[in-house]
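Note that the structure is predicted; figures quoted are calculated from it, not measured. For the numbers below, each heavy atom of this structure counts, side chains included, while hydrogens, waters and symmetry mates do not. For reference, positions follow the sequence shown, starting with 1.
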Amino acid sequence: MTRYRITIDRDLCSGFGSCVELAPDAYELGPDGIANVLVRETDDPNAVEAAGTCPMGAITVEAIEVAA
């Protein structure tokens, strides 16, 4: 099984919110309008897809192999 580690470069995030729309269980917009990660690791494909939609490229997803 593959899991993914998610990080957000808050300096790059402009708060478009596309990540929140696609994966509300993984991302939220904070009071400052900048995205936050709700889960550091996930196997949710929506979280990975949402990272790819970030127009600023602020979200990094790293694959982590987990033993079965």
Q. Is there a side-chain contact between L38 and D25, using heavy atoms and a 4.5 Å cut-off?
A. no
(Q) Would a single hydrophobic cluster contain both L29 and F16, if residues Ile, Leu, Val, Met, Phe, Trp and Tyr are joined by side-chain heavy-atom contacts under 4.5 Å? (A) no
Q | Heavy-atom closest pair, residues A35 and C13 | A | N-SG, 3.3 Å
Q) Which atoms form the tightest heavy-atom contact between Y4 and I64, and what is the distance? A) C-CD1, 4.3 Å
(Q) Using the rule that Ile, Leu, Val, Met, Phe, Trp and Tyr join whenever any side-chain heavy atoms are under 4.5 Å apart, tell me whether V20 and I8 fall into a single cluster. (A) yes
Q: Just jot down the side chain to side chain donor-acceptor pair (under 3.5 Å) partners of R10, sequence neighbours excluded, or say none.
A: D32, N36
Q: Can you see which heavy atom on T2 is nearest to which on D43, and at what distance?
A: O-CB, 3.7 Å
Q: Determine, stepwise, if the pair Y27 / V39 fulfils side chain to side chain contact (heavy atoms under 4.5 Å, CB included).
A: CA-CA 8 Å; Y27 307 97; V39 293; over 6 Å; no
Side-chain donor/acceptor pairs under 3.5 Å, residues 48-63, sequence neighbours excluded:
from: T53; atom 1: OG1; to: S18; atom 2: OG; distance (Å): 3.3
from: T53; atom 1: OG1; to: A50; atom 2: O; distance (Å): 2.7

Q) Do side-chain atoms of R3 reach the backbone of E41 as a donor and acceptor pair under 3.5 angstrom? A) yes
